[in-house]
Amino acid sequence: ECFEELYEASCVAQAVKKAEWVLSGGDHSKKGLVLKLTKGSIERPYAEKAALIMEERGFIDEYAQSERLARAYCTHKHRGKKRIMQELLLKGYERDAVQRAVSFVTPEEYKKALMTVIERKYPTPPEDKKEILTFIRAIEYFQGFCGIAGENHNEKISVLRTIAAIPVL
């Protein structure tokens, strides 16, 4: 029994050491850290204990990390709310942390990201109605800028024209 306790303590210590090394390279969610540790030689129960220890020590703060990532995804990758949420959830951040992080990004930051996407995609404004609608769908579904207007396509075109100064057809 004493040997088992010693073995477990040794495995947890090894997992904590590896977790410190992984976290020195960048932020990870608790779930992401566990996945990274289990890809190596660390068994899942010890990886989970190490992740819990790292969180208790303050090395993992999912709320602060997800907020930083959300802002970076918006300003540098030019993503919308929906796409940011998808990417953070895929990284293993908790849903409430992700929702809170997305709410901290200002509407001005989202608008600037949307403008950047529009300017890159169409340096000269599209003139064809079909091309405009295709572009709107692309922004909504691939960049995550859902709900830039209502369900009515004419309303979407007018909103996009207002935002991007696209001339009236």
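Being a predicted model, the structure only gives us computed values, none of them experimental.
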*Would Thr75 and Lys112 satisfy side-chain contact (heavy atoms from CB on, under 4.5 Å), going step by step from the backbone distance to the final call?*
CA-CA 8 Å; Thr75 57; Lys112 186 176 179 184; over 6 Å; no

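Annotation: the span from Leu35 atom CG to Lys39 atom NZ amounts to 7.0 Å, rounded to 0.5 Å. Summarising the geometry, atom OG belonging to Ser103 is positioned 8.0 Å from atom CD belonging to Glu67; distances are rounded to the nearest 0.5 Å. Once rounded to the nearest 0.5 Å, the distance linking CG of Leu69 with NE2 of His76 reads 11.0 Å.
Between Val12 and Ile53, the closest side-chain pair of non-hydrogen atoms falls below 4.5 Å. The shortest side-chain heavy-atom distance between Tyr110 and Lys81 falls under the 4.5 Å cut-off. At a threshold of 4.5 Å between non-hydrogen side-chain atoms, the residues Val16 and Trp21 do not count as touching. Contact of the Leu23 side chain with the Ile60 side chain is registered, since non-hydrogen atoms from C-beta on lie closer than 4.5 Å. Between Arg57 and Leu52 the shortest side-chain heavy-atom distance does not fall below 4.5 Å.
Taking every heavy atom of both residues into account, Glu62 and Lys31 meet most closely at OE2-N, 4.3 Å. Heavy atoms only, all atoms of each residue included: Gln65 and Phe59 are closest at NE2-O, 3.6 Å. Of all heavy-atom pairs between Ala97 and Tyr63, the closest is CA-CE2, 3.5 Å. Minimum interatomic distance between Ile42 and Ala15 (heavy atoms only, all atoms of both residues): CG2-CB, 3.7 Å. In this structure, Ile84 and Ala70 approach most closely via the heavy-atom pair CD1-O, 3.6 Å. In this structure, Val105 and Cys74 approach most closely via the heavy-atom pair CG1-SG, 3.8 Å.
Between Glu48 and Arg44, at least one side-chain nitrogen of the basic residue sits less than 4.0 Å from a carboxylate oxygen of the acidic one, meeting the salt-bridge criterion. The pair Arg71-Glu109 meets the salt-bridge criterion, with a side-chain N (NZ, NE, NH1 or NH2) lying under 4.0 Å from an Asp/Glu carboxylate O. Looking at Arg79 and Glu87, a side-chain N of the basic residue comes within less than 4.0 Å of a carboxylate O on the acidic one, giving a salt bridge.
The main-chain N or O of Lys91 is found under 3.5 Å from a side-chain atom of Ser29 such that the two form a donor-acceptor pair.
Follow the hydrophobic side-chain contacts under 4.5 Å out from Val102 and you reach Leu89 in the same cluster. Tyr93 is not connected to Leu33 by any chain of hydrophobic side-chain contacts under 4.5 Å among Ile, Leu, Val, Met, Phe, Trp and Tyr, and they are in different clusters.
Looking only at atom types and distance, the side chain of Gln14 has no donor-acceptor partner in the side chain of Tyr46 under 3.5 Å away.
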